[in-house]
Structure formats: structure tokens, C-alpha cells
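Notes follow the structure.
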Amino acid sequence: MVSETNPTVLEKSENKQGRKVVLSIDDLHVWFELRRFGFGHAGYVKAVDGVTFDVHSAETIAVVGESGCGKSSLMKTILGLYKPTRGKITFEGKDLSGFGTEEMHRYHSHVGYVQQDPYGALPPFMNIHRILEEPLIVGGVKDKDERTRRVRTAMEEVKLTPVDDFLNKYPHMLSGGQQQRVVIARAMVMGPRFLVADEPVSMLDASVRVEILKLLRGLQESHNLSVIYITHDLSTVSYFSERIFVMYAGNLVEKGKVRQLIDNPLHPYTKALLTGTSEPDAKNAESFKEIPPGEPPSLVNPPTGCRFHPRCPFMMPGICDVDFPPDFEPEPGHLVSCWLYK
Ligand code: SF4
């Protein structure tokens, strides 16, 4: 029996084996106002349009979707760089919107950020020691010896060893994989409880992607980190994610445990994403090749009804193009926003 579910209620009632909720996203909307010309309202880019989920302690989740689906805006709002238009984000029970400068500083010390482009993320004029020391200085660690000790520990954890060989190097003197290890060390140096990893391997050579994913998984396990892994590539998520959320045009269209989603994808968009993916190697770089023709819709004027309907081979006229599909739950914990499962 398929049940229609209020996603907010379902997420809140989930018991992840007693693990407490660390981060809670509740009906999040992130809209950007378009520039006005003359009179009248130019509208909004609805980058995130009603997203709800929880992340538990030591849980890893993946948010998967094409570029332009809203996952970067979601990530930046979680990091406190954008303000929600509606809805809220709570970290360990506290609403981010109520944070002043001090609390936001403290929040950032708990949340590590691994960027997509390691070279662009590292200041070229600082050596590795200075880059890794910077968050500790900003975070108020006054003792220089203590800062050096923590820098060295972070470098050992990401396997930038022997440490003395790297401390005085500059980013351009490192390979792409080594630069990404510095980015990860910088995210870890404050001892975060939570990591946001934004496409952390997409700009690396295929040969080092697996090593970086293994490193992230090892850090997650040894530090009991909660992780949000943002990616366009479903072939890499089973590496260390417990649940997958598939995002399309500002909405989450399918949520479930990794095996549920990989073995039994429900949404036509997820099925298309999965075509041709298996292991994280170079062969699978084109994981979106089987997606039906067409472009992701405009986030200014998204299609009525299901936002995937202009590209969907199963579109039912009069239903899919008219009414927005709620979440249905064909199997426990596996939610899909598609009228096929009513
Ligand atoms: Fe396709 Fe309709 Fe399901 Fe949307 S609701 S994915 S258009 S079948």
C-alpha cells in the first residue's frame, strides 16, 4: 500500500538508531530577486523551493543532481552564506537565522567545508602552514605551539607526509590531489562535527578520486562526522553515503537509503541518472548521458505540476503537467515525488 506522506513529519519521526539530529532543514526556500527594470516586479530565481531533511550525528548523506538544480544554493545556505527566504535551518537545535556574529563564528568552527576546486580554494600567496593556521587564528587559538601542533596533526590525518616536506610549500607546488588534501586538512583543523563536501573529486584526475573519497570516508569514521556530500555523479555516492537525496529544479524528488535508491530507483529522473553508472572511475564521467533530451527548466518560471514533466517519458497529461506531486512512500523510508506512485 502506497502512502502519501508529509515529508516534514516523516523526516522528524525517523529514528536513526538513536542518533540525534545535528542539522535540520525545514521547508527551506532560497529565492533570489531579479533586478527590476522600470516599474513592475521581475520575479525570483527559485533556487531552493521547499526542501526538508534531517542529518543525524555521524550520518553521511548525498545530495545529487545536475548543475543548476539548486544544490549549490542549498549548500551555501547551510554554510550561512545565503539567508533562507522561507523555512529554517537548525544546527543542534538552534535556528541559524538567530545567530549573531559570535555564534556564526562558532558555527563555522563546527562545520568544515571542502570545496570543489582545490586550486581556486587555496590562497596562492600563503604556504601550507599559514593556510592551515589561518582558521585557528580566526577561531581564537592564541598559543602558537598549539596551532602548529594542530596543523601538523591535520596534515598527518590527510596523509600530507612527511609533514616537514609540505609545510613551507605553496599551493602551485602541489599536485591536484595534494591540493585537495590541504583543503580537507583546512576543513578538519578546527575539529568540526559536520562536513559539507561540494563535489570534492569532480575536478581531480580519475586516478586520485578514489583515494580522496577513501580519505573522506576514513575521516568521517574516525571523527564520527556528519557529512553532506554534494555531487552530480551518482556513481560515487555509495562510497560513503548512507542516504541519497535526488534534487531537480529546486526540489528533492527522491529520498532513500543508498541501497534502496541504487537497487530500486523510483523516480524517472533518478533512473536516468543511474543509467551507465557503477564505480567511480573515468568511464562513468558521463553519468547524465541517458537523461531524456531537453534542458533543466528555468528556475524563474518552472513548469507547472511536476517540474520534470517536459522531459519525462512517462508524463501523464492532465495530471503531471497540472498538479505538483507530493511525496509518496512506496517502501518504508523511501520517498518519491511522482504521480506514478499514487
Ligand atoms: Fe514523470 Fe509524471 Fe512522475 Fe513527473 S510526476 S516524474 S512527469 S510520471
Side-chain angles (χ1 to χ4, degrees), residues 1-11 25 27-31 44-53 61-71 73-74 230-235 237 241 243-277 286-342:
M1 162 91 182
V2 174
S3 62
E4 184 179 327
T5 308
N6 177 336
T8 304
V9 172
L10 182 100
E11 289 288 335
I25 314 284
D27 194 30
L28 187 71
H29 293 67
V30 185
W31 294 3
Y44 295 91
V45 178
K46 297 171 182 172
V48 180
D49 205 23
V51 164
T52 295
F53 63 87
I61 64 134
V63 178
V64 183
E66 290 167 285
S67 53
C69 73
K71 59 190 193 301
S73 298
L74 172 65
I230 311 254
T231 183
H232 70 280
D233 187 358
L234 253 174
S235 68
V237 297
S241 301
R243 287 190 294 160
I244 302 177
F245 302 154
V246 179
M247 194 162 185
Y248 186 78
N251 303 132
L252 296 183
V253 296
E254 186 163 356
K255 310 179 202 176
K257 297 192 183 92
V258 166
R259 288 274 44 108
Q260 286 177 322
L261 234 116
I262 301 280
D263 295 344
N264 183 28
L266 301 174
H267 197 281
Y269 178 64
T270 313
K271 290 181 183 183
L273 290 188
L274 273 165
T275 307
T277 65
E286 301 298 324
S287 30
F288 282 80
K289 63 190 173 193
E290 297 298 335
I291 286 194
E295 295 287 320
S298 157
L299 296 177
V300 179
N301 291 306
T304 55
C306 170
R307 291 183 179 177
F308 191 56
H309 87 253
R311 300 169 81 185
C312 181
F314 307 103
M315 200 274 274
M316 296 173 278
I319 300 173
C320 300
D321 52 347
V322 175
D323 294 319
F324 186 85
D327 280 356
F328 299 99
E329 191 179 10
E331 60 177 323
H334 192 172
L335 285 87
V336 60
S337 169
C338 172
W339 286 117
L340 291 172
Y341 300 91
K342 185 173 174 3

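For ligands, and for the atoms within them, numbers begin at 1 and follow the listed sequence. The analysis underlying the following values was restricted to heavy atoms, covering all of them including side chains, and did not include hydrogens, waters or symmetry mates.
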Run the side chain to side chain contact (heavy atoms under 4.5 Å, CB included) test on Ile262 and Leu274 for me, step by step, so that the C-alpha distance in whole Å, both residues' side-chain angles and the decisive distance to 0.1 Å come before the verdict. CA-CA 7 Å; Ile262 301 280; Leu274 273 165; 3.9 Å; yes
Answer yes or no: is there a donor N or O on one side and an acceptor on the other, between the side chain of Glu254 and the main chain of Leu266, under 3.5 Å? yes
Indicate yes or no for a side-chain donor-acceptor contact from Thr304 to the backbone of Asp321 under 3.5 Å, with no hydrogens or angles considered. yes
Looking only at atom types and distance, does a side-chain atom of Gln260 sit under 3.5 Å from a main-chain N or O of Ile244, one as donor and one as acceptor? no
Parallel, tilted or perpendicular for Phe308 and His267, by the 30°/60° rule? tilted
When you compare the side chain of Lys71 with that of Glu66, does any pair of heavy atoms fall below 4.5 Å? no
Tally every protein N/O/S atom whose distance to atom 3 (Fe) of ligand 1 is less than 2.8 Å; waters are neither shown nor counted. 1
